[in-house]
There are 2 protein chains.
Amino acid sequence: MTAEVKPAALQLTERQEARRRRILHASARLASRGGFDAVQMREVAENSGVALGTLYRYFPSKVHLLVATMQDQLQHMHETLRKRPPTEEEPAARVAQTLMRAFRALQREPHLADAMVRALTFADRSVSPEVDTVSRLTTAIILDAMGLDEAPTAEQLSAVRVIEHTWHSALITWLSGRASIAQVKIDIETVCRLIDLTAATPAR
Amino acid sequence: MTAEVKPAALQLTERQEARRRRILHASARLASRGGFDAVQMREVAENSGVALGTLYRYFPSKVHLLVATMQDQLQHMHETLRKRPPTEEEPAARVAQTLMRAFRALQREPHLADAMVRALTFADRSVSPEVDTVSRLTTAIILDAMGLDEAPTAEQLSAVRVIEHTWHSALITWLSGRASIAQVKIDIETVCRLIDLTAATPAR
DNA sequence: CGAGTCACTGGAACTCGTTCTAGGCTAGCG
DNA sequence: CGCTAGCCTAGAACGAGTTCCAGTGACTCG
């Protein structure tokens, strides 16, 4: 609840860094098996070879752990996307293409996606900083995809925010079985039209 | 998990209807005190004068209970909004006005809002039907606000879906303290421009 | 070398959602 | 009236997240 020492931020010894990696790895592995419920703190501790208390020293709650797992995965995805940027011309299409690519990656690990997204939306104020990091990463991915020459305008940043909202919420409806893959695609394409809108009207 | 008798749907005796009301009332009251965490099943049962087992017969999980609470509140809001429709001219502005009105209502009960929205996004597949009902109610409110003369086009329905996504996700960021009220307002106004977009281009 | 400090371990303990059990009350039916 | 079926009550019991505690080991400073 209060601002304790952040084991993630400040420098760790090598052994500690290795512990942290093992924990995140175990978390991701359990999550990709059975989703949010399958990530049980005792199991994570056991599988990563640390005591339960230590696990809680590194990640003060299950939600913190899963949000950190998401940071990790997003990092990977960002690098992957950097290497193979979208092929479309128009910014809107580029963003839509990028998000659909990310979506397909999530489809390959639906349980992992479930665990991470559920944690993200269930996070309360005590996890805000970590969730914010995830949000910034997502923003960076979208801005990269737009392939702008100059810095984004305020309007464009607003559009990106809305795209992120749609992205998260659409993922949730898909994960809970209330929307099909096709529906998610439509939603993404629809919201991406906002980019055209903001690009097309510099000063109307 | 399976399709049992739904106490909500099929006819209940008067005593049963009263019990259900008492439970929902207790749930809302506890929620408005301390949010999601303050709604403890034992307390709800005690405060509404039913046994724990009975509570679970009416609402098979805490999430079910809170989603039902949300249905209840949305019903109210829908009626209130019907009585005082938005004053703006343009559909986009009308929707934005309506959502901001709803948002202000939620600001008056932030804890209750927290409990309901968290439940909604945390709901897994077993709650899909109930969540779907909430979603349909929200859609109805937005479509009402648009004040269309004819049936909405497929494009307009897509826009409404995206608006809903944005609405939910923006609420979450506000509730978890990561976005200000002003920011939520901007996001809503931004996404509502999609309505103009779909209205202005019937066949371009 | 000795003492103190701090992270880590193993495991008990606590909370709250959920399930289960035994028994009691009510309503309809023979 | 007495019986049976269901619903309800009280409360125990179970599972998983979280907290706590006593002990241990390693590292640092004197």
Side-chain angles (χ1 to χ4, degrees), chain A residues 1-2 4-8 10-23 26-27 30-31 33-69 115 118-119 122-124 126-127, chain B residues 1-2 4-8 10-23 26-27 30-31 33-69 115 118-119 122-124 126-127:
Chain A
M1 185 161 295
T2 58
E4 298 284 4
V5 180
K6 298 237 192 80
L10 302 185
Q11 70 278 18
L12 305 177
T13 70
E14 203 157 320
R15 295 176 60 80
Q16 286 174 326
E17 187 55 51
R19 270 199 199 91
R20 187 164 190 282
R21 292 261 124 247
R22 285 207 307 279
I23 293 173
S27 164
L30 286 171
R33 291 229 196 304
F36 189 88
D37 293 335
V39 182
Q40 303 195 354
M41 298 304 267
R42 283 173 237 262
E43 278 224 38
V44 173
E46 204 169 318
N47 288 10
S48 48
V50 303
L52 191 54
T54 306
L55 172 53
Y56 274 95
R57 173 185 298 275
Y58 281 73
F59 301 97
S61 79
K62 173 167 171 171
V63 168
H64 282 84
L65 171 59
L66 284 172
V67 171
T69 306
R118 293 266 288 285
F122 196 58
D124 66 357
S126 69
V127 204
Chain B
M1 185 160 296
T2 60
E4 298 283 5
V5 180
K6 297 239 193 79
L10 303 187
Q11 71 277 19
L12 305 176
T13 70
E14 204 157 320
R15 295 174 62 79
Q16 287 174 325
E17 188 54 50
R19 269 198 201 92
R20 189 165 189 282
R21 293 260 123 246
R22 284 206 308 279
I23 293 174
S27 164
L30 286 172
R33 290 228 196 305
F36 189 88
D37 293 335
V39 180
Q40 303 193 355
M41 298 304 267
R42 286 174 235 262
E43 279 226 38
V44 173
E46 205 170 317
N47 287 10
S48 49
V50 302
L52 192 55
T54 307
L55 171 53
Y56 273 94
R57 173 184 298 276
Y58 281 73
F59 301 97
S61 80
K62 174 167 170 171
V63 169
H64 282 84
L65 170 59
L66 284 172
V67 170
T69 304
R118 292 266 287 287
F122 196 59
D124 66 356
S126 70
V127 205

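Take A:R42 and apply the side chain to side chain contact (heavy atoms under 4.5 Å, CB included) test, not counting sequence neighbours, and it matches A:L52. A search for side-chain hydrogen bond (donor to acceptor under 3.5 Å, both in side chains) contacts involving A:S61 returns A:H64, not counting sequence neighbours. Scored by the side chain to side chain contact (heavy atoms under 4.5 Å, CB included) test, B:Q40 finds B:E43 as partners (sequence neighbours excluded). Every residue was checked against the side chain to side chain contact (heavy atoms under 4.5 Å, CB included) condition with A:E46, not counting sequence neighbours, and none meets it.
Between B:L66 atom CG and C:dG17 atom C1' the separation is 12 Å, expressed in whole Å. Going from atom CD1 of A:I23 over to atom C1' of C:dC8 covers 11 Å, rounded to whole Å. One atom, CG of A:D37, and another, P of C:dG17, lie 15 Å apart when rounded to the nearest Å. Taking atom CD on B:Q16 and atom P on C:dA27, their separation rounds to 12 Å, with Å as the unit. One atom, CZ of A:F36, and another, P of C:dG17, lie 14 Å apart when rounded to the nearest Å. Computed from coordinates, the B:E43 CD to C:dC16 P distance equals 9 Å when rounded to whole Å.
Of the candidates A:N47, A:T54, A:T69, A:L65, A:L65 is the only one forming a side-chain contact (heavy atoms from CB on, under 4.5 Å) with A:I23.
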Worksheet entry | Sugar-phosphate or base contact per nucleotide [nucleotides 9-15 of chain C; S, B, -; heavy atom under 4.0 Å] | BB--B--

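Among the atoms of the strands shown, only primed sugar atoms or phosphate atoms (P, OP1, OP2) are found under 4.0 Å from some heavy atom of A:V39.
Counting only heavy atoms from C-beta outward, the side chains of B:R118 and A:D124 approach each other to under 4.5 Å.
On the nucleic acid side, DNA chain D contacts chain A at distances under 4.0 Å to non-hydrogen atoms, with the end points of that region at D:dA16 to D:dT19.
Both B:V63 and B:R15 sit near DNA chain C, but only B:V63 has its closest nucleotide nearer the 5' end.
Relative orientation of the B:F122 and A:F122 rings is parallel, given thresholds of 30° and 60° on the angle between their planes.
OP1 and OP2 of C:dA7 both lie 4.0 Å or more from every side-chain N or O belonging to A:Y58.
The two atoms that bring A:K62 and A:F36 nearest to each other are NZ-O, 3.0 Å, heavy atoms only. Of all non-hydrogen atoms in A:L66 and A:S27, the two that sit nearest each other are CD2-OG, 3.8 Å.
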